[in-house]
Amino acid sequence: MIENNRYVLKRSSAAPVSPRFTIDYEKDLNPAQYAAATVSDGPVLVIAGAGSGKTRTLVYRVARLIESGLPPQHLLLLTFTRKAAQEMLNRAGLLLGTACDRVAGGTFHSFANTVLRRHGAAIGLDLAFTILDRTDAEDIIQLLRNARGYGEREKRFPRKNTLGEIFSASANKSTGLEEIVFGEYPHFSEHLEDIRQLEKAYTAYKQQRFLVDYDDLLLKLKELLETHREIREQLSEAYRAVLVDEYQDTNKIQACVVRLLCAVHENIMAVGDDAQSIYSFRGANFKNIMDFPKEFPKARIFKLEENYRSTQPILNLTNEIINRAKEKYPKHLFSRKEAGRRPVLVQAEDENRQSRFVCQKVLDLREEGVPLEQIAVLFRSSHHSFDLEIELGKHGLPFVKRGGFKFIETAHVKDVLAHLRVLLNPRDAVSWNRLLLLIEGVGPKRSQAVIAALAKETDWLKMLKVQAEQKAGGPALKEVTRLFEDLLSAPRIPSEQLRRIYDYYTPLVSQRFDDYPKRIKDLEHLYAITERYLKLDEFLSDITLEPPNESVTEIEPTGREDEKLVLSTVHSAKGLEWHTVFIIWALDGKFPSLYSFDTDDELEEERRLLYVAATRAQKGLYITYPVNVYDKAMGTVLSKPTRFLDGIPRSLYETWSLIEEDM
């Protein structure tokens, strides 16, 4: 219509055109996943229970945002590993095609690097900065440590790797050095002021040479976003939607960065599970996921509770374990796999019977057709599997260990065993070399000279005394000579011989390793193992035994020689699953650890750790504990199962006691 030479456009009565979706979201997702993946803009928290399809939900959320009209380059996906980000984007690409290639996805650290390369000058950072890896950083710390003469003192100063860990913990936990040193390294508390000065020197060294370490990336990104509003808003405009995976594992800095990236909008979806927050030792802050609704008051919360991994009997127990947590998002995991055996709580008289039970049951499962790699033994601390490793060797069961080292691969255990091996076989040159190099003043050349002299003399102790009279390494060689004189005159019982070696070796442990309190704990565990042996040769044979190939062949079908049972710390098992799971050492004082009794927060993380362990099981769950275990460090006899089973109805699990077969 024309009015006074003006053409009037009529209002359209048609409704706005809705985006056309090529994906049938409602068909592909369960109701809870669908609700989370298709929610409108605004802050969203998805509490994804164990095995509930968290990754699938995130993948479909990426696809939904793009299909709703968000340009892919305006979507930011933050994860903890590059592999996780790539997997999600690859899966989204299978749904949508190449559009997902333009999504900004990666780790917090890679994102920080990208931003700082563009805007770092605003905080005085040279854009050509070099990123230090852990080894580079430790080398710089060592350089500064030596320049200040810290390694020349009578009282030992922390080594470069320990100092790096202290500096990193302070950064990731957003806390002062004093709290880190007194809380985690109290044996170095007298050096606090020097450690503080060294950190300042390290920071200055990096600044002068345009260097940043791994932790600096996050710290400087946070500084940039906090101090420069225009850059903060520019980035927030650039990334109109932010998705964060494993939000329960974020530290204070990462949570702050996420909040700052939402300065212009609040289109943030955080996905995680409070019940699986188990990495506080890395700086992860449980409060981040619990306080999300406070940071984003308009947040909508979705819960994924349908579990695709475990049978309902297993979930009935795990639900009860986590429902007793003091702080949590209440949820109830359920499964359509309603049938299945109840979990089993197994009481063993001692550690070795616990190990024998696991081996026997693994063999039973293997005969039933369960592949070895579908069976896992999980434990709180790496040394908890030491006895089991010996027993697996006896049964010819091959295994792979994740988290920590295999028993005889740890340096301190190898040191102690070297003394015992020499006692059994004085011509063991490898063991001689190891124990001689522990002696102050004895280097490789002197060690080889001593070994060559000992090889020529049948009375090796007499020759050792002669060598001890020589200048190089003399005083210390006299000490080791006295040790072997003592060992040869002592009762030939492994535990008694080991006790005397401990008296000699303990000062060396504290000199060689900054984490010596943990290593001494390992050695106490080794001592407990020796107590059931009467002959040294039997003990050393068992502890070094490798699985014989012929025995493995007997229990494995043809073509499956690569099968291996999985041994893992719980921390290393998160995100994985197996047909059957054994949780060993579920003894109060071991799991939870006695050291966690000091604070409620530490104890609650131990509860979550047990929950993570139990929810790895698909069809079978065995929780085992030995009774009447004496803890030497605490002077306490431990005898009851983990307190996290207290009050749980006995109808939810079976209880077994182990008995010896009649002869």
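Treat the numbers as computed from the prediction; the structure is a model and nothing was measured.
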With the threshold set at 4.0 Å, does a side-chain nitrogen-carboxylate oxygen contact exist between [X] and [Y]?
X      : Y      : answer
Arg91  : Glu87  : yes
Lys401 : Glu389 : yes
Glu351 : Lys590 : no
Arg64  : Glu67  : no
Lys328 : Asp274 : no
Lys294 : Asp291 : yes
Arg356 : Glu660 : yes

Within a 6.0 Å radius of atom NZ on Lys173, are there more than 12 heavy atoms belonging to other residues, nucleotides or ligands?
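For Lys173, atom NZ is crowded (more than 12 foreign heavy atoms under 6.0 Å).
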Give a yes or no on this: more than 12 heavy atoms of other residues, nucleotides or ligands lie within 6.0 Å of atom CG of Asp101.
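Yes, because the 6.0 Å sphere around CG of Asp101 holds more than 12 heavy atoms from other groups.
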Report the residues that fulfil salt bridge (Lys or Arg N to Asp or Glu O under 4.0 Å) with Glu165, sequence neighbours left out, ordered by chain and then residue number.
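Salt bridge (Lys or Arg N to Asp or Glu O under 4.0 Å) check on Glu165 returns nothing, list empty.
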[X] vs [Y] side-chain heavy atoms within contact, under 4.5 Å:
X      : Y      : answer
Lys287 : Glu327 : yes
Leu652 : Pro343 : no
Asn628 : Glu349 : no
Lys331 : Asp273 : yes
Val258 : Thr250 : no
Arg616 : Arg309 : yes
Thr624 : Lys361 : no
Lys574 : Tyr279 : yes

State which residues pass side chain to side chain donor-acceptor pair (under 3.5 Å) with Gln86; sequence neighbours excluded, sorted by chain then number.
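Counting only residues at least two positions away or on another chain, Gln86 forms a side chain to side chain donor-acceptor pair (under 3.5 Å) with Asn90.
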Phe644 ring centre to Arg324 NZ or CZ under 6.0 Å, with the angle to the axis within 45°?
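Judged by the rule (NZ or CZ under 6.0 Å from the ring centre, within 45° of its axis), Arg324 is not positioned above Phe644.
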Tell me whether the NZ or CZ atom of Arg56 lies within the 45° cone about the ring axis of Tyr308 and under 6.0 Å from its centre.
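No.
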Near-ring test [Y]/[X], centroid separation under 6.0 angstrom:
X      : Y      : result
Phe292 : Tyr329 : no
Tyr25  : Tyr34  : no
Phe281 : His571 : yes

Give a yes-or-no answer on whether the side chains of Ser168 and Asp215 include a donor-acceptor pair shorter than 3.5 Å.
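Distance-only check passes for Ser168 and Asp215.
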Could you pull out the closest heavy-atom pair between Phe591 and Leu609, with the gap in Å?
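The answer is CZ-C, 3.9 Å.
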Looking at every non-hydrogen atom in both residues, tell me the closest pair between Arg341 and Pro313 and how far apart they are.
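The answer is O-CB, 3.6 Å.
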Tell me every residue that passes ring-ring contact (aromatic ring centres under 6.0 Å, His included) with Phe108, counting only those two or more places apart in sequence or in another chain.
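If we apply the ring-ring contact (aromatic ring centres under 6.0 Å, His included) test to Phe108, skipping adjacent residues, the hits are Phe80.
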Once rounded to the nearest 0.5 Å, what's the spacing between atom OG of Ser568 and atom CG of Leu576?
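One gets 7.0 Å once the value is rounded to the nearest 0.5 Å.
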Sidechain-backbone polar pair: Arg282 side chain, Asn251 backbone, donor-acceptor under 3.5 Å:
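No, because the side chain of Arg282 does not come within donor-acceptor range (under 3.5 Å) of the backbone of Asn251.
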Glu524 and Arg519: salt bridge (charged side-chain N to carboxylate O under 4.0 Å, His left out), yes or no, with the steps?
CA-CA 9 Å; Glu524 290 172 358; Arg519 294 179 187 256; over 6 Å; no
